[in-house]
Protein chains: 2
Amino acid sequence: MKKRVAAVEDGKIRLAGGPGGEVKTASKAASKTVRKTGGSVGKTRPGGQAVRMIDVAKAANVSLMTVSRALNEPERLSKETRKLVLDTVRRIGYVPNHIASNLASARSNVVGQIVPSIQNSLYSHSIKGCADVLRGAGMQLLLADSGYSLEEEEALIDAFIAQRVCGLVLHDTVHTPRAVQLIRAAGIPIVETGDLVRAPLDMAVSYSNFNAAKEMTLYLAGRGYKSIGFVCLATRNNMRARERLKGYHAALAALGRERNPALVREVEGGLTSGAHAMVDMMQRAPEVDAIFFAGDVLAVGALFEAQRRNWKVPERVAIAGFDDLDILRHTVPRLTCLNLPRLEIGRRSAEALLQRMRNEPVEPARLDLGFEIIQREST
Amino acid sequence: MKKRVAAVEDGKIRLAGGPGGEVKTASKAASKTVRKTGGSVGKTRPGGQAVRMIDVAKAANVSLMTVSRALNEPERLSKETRKLVLDTVRRIGYVPNHIASNLASARSNVVGQIVPSIQNSLYSHSIKGCADVLRGAGMQLLLADSGYSLEEEEALIDAFIAQRVCGLVLHDTVHTPRAVQLIRAAGIPIVETGDLVRAPLDMAVSYSNFNAAKEMTLYLAGRGYKSIGFVCLATRNNMRARERLKGYHAALAALGRERNPALVREVEGGLTSGAHAMVDMMQRAPEVDAIFFAGDVLAVGALFEAQRRNWKVPERVAIAGFDDLDILRHTVPRLTCLNLPRLEIGRRSAEALLQRMRNEPVEPARLDLGFEIIQREST
DNA sequence: CTGTTAGCGCCTTCAT
DNA sequence: ATGAAGGCGCTAACAG
């Protein structure tokens, strides 16, 4: 295997292939590569026909319906027939065609989930929860991210409904009119998870961003901090951020404190962003003694910056975060934050969909999974 | 809105709902909640019939095929007919049924991806890359995680093939015999992404774990470290970890250094785990002057532990990580690591599948996307 | 350019 | 407990 050291730039050393580079393999082992070439665009059966239910039926000398029943309502068959059929299925390697099954039964076993960003670990917890419950029920998850765009969400909802998903989990709680219309027309159950909205399209499973932000602010005040800064993501197209900001303001009002614009910043997500926000705020409002970072990894970025500048946390400035990311309990000092039931939100959302699909009433239609304040050394 | 402070334990303050608690909403706003109850198990059309292509055809006074063409091969229709049909589609709110389309055309627009863990941010990059490219091509992503289990992977492959996915992206490069058989029988294109395997089932898009680990070890030696420790995940059921360990050993051999068991640890993933591994290793082999953490977030955990103990990095011990997680460039000191093209792997995998589905040859069948060594302050 | 016919693979309904 | 007929909503193939 040839090694190629291509460049050393900015501390980066490129190796083996690198962007655009393709290392062809000429070894004997590689030439053994098993490759199937057949199949035109997306063809399911490239060369040989796929095994169908009727093939199983013939091989087992029963009718097609008996095979169908062996697979879907095994208890309706006699023990012997069932065994015969299932053995045959295994023997000839039959894999049911859910596409055909869905079409014939007007039933689907696929649920769609749309999150703002697949890469954000917050959402991946809710995805995981959802996927787990669905799989337990023999269903599958169709996933996509909207990139925080309403229009993209609409397009995805359209695509998912075209795919005839039997339910939808949406993180966003704001939708385009057409998206709402599509959902209504499809008549499928929907769960919104991003915030505990007052009037969900169908069902909501979440916590209250407003309450979470408010309580954290009150908690900080309770710890004796007099001048509490607040940093969040842009509220413009983000209902969650907006609710958090409202919660912060509500807390100030409850405390009888005045709003101070110098103590509020809206920023982009990311570690760097959190660092800048902290530094900026401390310049503009030197009296600030605690900052509540109500978004993403902002708090972590701020803490790292404090380490770099040798600012003592919490003595010089206290830092609180929003989500309980894994690292928050490992930093020095450990970070105070909210613990939000992301995984559970995913699980309960899927469960709510399943319930609804079984025609069971889902109460309440708004499920508040709450939150915790995790007090650690940074405050 | 009532506030409930339920408990204060271990620094945790539970609020609003909490585990198992459900806050029912009795406000007027909540009672306005729009709810659709209809639909038996997974029914796509709960109450009213969904609009079908034939309905559009009747409304536009054309044949069903004309509607089909307006949607799928618009260029084959006259401008007027096309406009008429598409307007009608919009007017009556028709959403194509891809399920039926797939069945009739023996074509699918869904690709399946199986990763070891949805929550792991490493995989989410590859998921994102894949999802983006697919969406650009009008396709969807069916996602699931195997929990690092071969058997689970097999079950998922079965389920995905039942779903008639038109292609599969697998992170694992080791599969059960039945999984391989299922894939072969399905005759769909497959990409394996976890390692640059010698003989992929079909195609491989990745980097070489062996080379990456080897080069990093050589790089550390080049920086003057004499006693380089190696920490990775359990190699037992993890080919990637095994390859990395091999790479480390290969580097030692190339350097003419002897293997020292005290300098090698296999551990679980996680920050805590990395911290322990470092402490253990430094006790058992006090001469160690650099540790290469070849997995997950181990290096970060170790660094935090070093901060806590006031061990200078890299003076007391140098630390290098594997993946270039976002935080690595923000810690104090910043962490040296490998930069692996996770996103690009996802993108290229999807592209390879699309190519294969268009019947274009995919060369090479093993695509090496390489890696970079990012040198920072920790070494 | 547009329409007609015959299924895709399976499930629903009704019969035996 | 098992089977036969018809159709789910759409597209391929062929016709005009």
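We name chains A, B, ... by the order of the sequence lines, and we start the count at 1 in each one.
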- B:Thr66 vs C:dC1: side-chain N/O to OP1/OP2 distance below 4.0 Å: no
- Side-chain N or O of A:Ser105 less than 4.0 angstrom from OP1 or OP2 on C:dC10? no
- Message: Rounded to whole Å, please give me the gap between CG in A:Asn102 and P in D:dC10.
- Response: 15 Å
- Please work out if A:Leu77 contacts a base, only the sugar-phosphate, or nothing of the nucleic acid, heavy-atom cut-off 4.0 Å. sugar-phosphate
- Message: Expressed as a whole number of angstroms, how long is the span from A:Leu84:CG to D:dA1:P?
- Response: 16 Å
- Query: Among D:dC10, D:dT2, C:dC11, which is the nearest nucleotide to the side chain of A:Arg69?
  - Reply: D:dT2
- Message: Quick check on D:dG9: is either OP1 or OP2 less than 4.0 Å from any side-chain nitrogen or oxygen of A:Arg164?
- Response: no
- Note on the structure: To the nearest angstrom, the CE-C1' distance between B:Met53 and D:dC8 comes to 14 Å
- Measure from CG on B:Leu103 to P on C:dC8 and round the result to the nearest Å. 9 Å
- Message: Between B:Lys58 and B:Asp55, does any side-chain N to carboxylate O distance fall below 4.0 Å?
- Response: no
- Message: So, does A:Thr81 get its side chain near the phosphate of D:dA1, meaning an N or O under 4.0 Å from OP1 or OP2?
- Response: no
- Locate the shortest heavy-atom distance separating B:Leu182 from B:Glu154; write the atom from each residue and the value. CD1-O, 4.3 Å
- Task: Could you check A:Ile190 against A:Ile188 for side-chain contact (heavy atoms from CB on, under 4.5 Å), going step by step and ending with a plain yes or no?
- Result: CA-CA 6 Å; A:Ile190 311 280; A:Ile188 53 176; 4.2 Å; yes
- Message: Please tell me if A:Ser63 has a side-chain N or O lying less than 4.0 Å from either OP1 or OP2 of D:dG3.
- Response: yes
- Report the C-alpha separation of B:Met203 and B:Arg366 in whole Å, then their side-chain angles, then the decisive distance to 0.1 Å, and conclude whether the side-chain contact (heavy atoms from CB on, under 4.5 Å) test is met. CA-CA 6 Å; B:Met203 300 177 281; B:Arg366 289 171 70 226; over 6 Å; no
- Item | side-chain N/O A:Ser78 vs D:dA1 OP1/OP2, d < 4.0 Å | no
- In whole angstrom, give the distance that lies between atom NZ of B:Lys83 and atom P of C:dC1. 18 Å
- Shortest non-hydrogen contact from A:Ser206 toward A:Thr193: OG-O, 2.9 Å
- Query: Over how many whole Å does the gap from B:Leu71 atom CG to D:dG9 atom P extend?
  - Reply: 16 Å
- Item | Under 4.0 angstrom between B:Arg76 side-chain N/O and C:dC1 OP1 or OP2 | no
- Task: Give the nucleotide from the list D:dG7, D:dC10, C:dG3 with an atom nearest to the side chain of A:Ala104.
- Result: D:dG7
- Atom CZ of B:Arg107 and atom P of C:dG9 are separated, to the nearest Å, by 14 Å
- Message: I want to verify a distance call: between D:dC10, D:dG3, C:dC10, whose nearest atom is closest to the B:Ala100 side chain?
- Response: D:dC10
- Tell me what A:Ile99 touches on the nucleic acid: a base, only sugar-phosphate, or nothing, going by heavy atoms under 4.0 Å. nothing
- Indicate, with a heavy-atom threshold strictly under 4.0 Å, whether B:Asn72 touches base, sugar-phosphate, or nothing. sugar-phosphate
- Task: Would you kindly give the CD1-to-C1' distance between B:Ile54 and D:dT11, to the nearest whole Å?
- Result: 13 Å
- Message: Set out, in order, the CA-CA distance, both residues' side-chain angles and the distance that settles side-chain contact (heavy atoms from CB on, under 4.5 Å) for B:Asp202 and B:Glu192, then state yes or no.
- Response: CA-CA 8 Å; B:Asp202 180 17; B:Glu192 292 164 280; 6.0 Å; no
- Message: So, does A:Ser68 get its side chain near the phosphate of C:dC11, meaning an N or O under 4.0 Å from OP1 or OP2?
- Response: yes
- Query: Side chain of B:Asn97: nearest nucleotide among C:dT2, D:dC10, C:dT12?
  - Reply: D:dC10
- Query: Taking the side chain of A:Met65 as heavy atoms from C-beta outward, which of D:dA5, D:dT11, C:dC10 is closest to it?
  - Reply: D:dA5
- Message: From C-beta outward on A:Arg52, which listed nucleotide comes closest to its side chain: C:dG9, D:dA12, C:dC1?
- Response: C:dG9
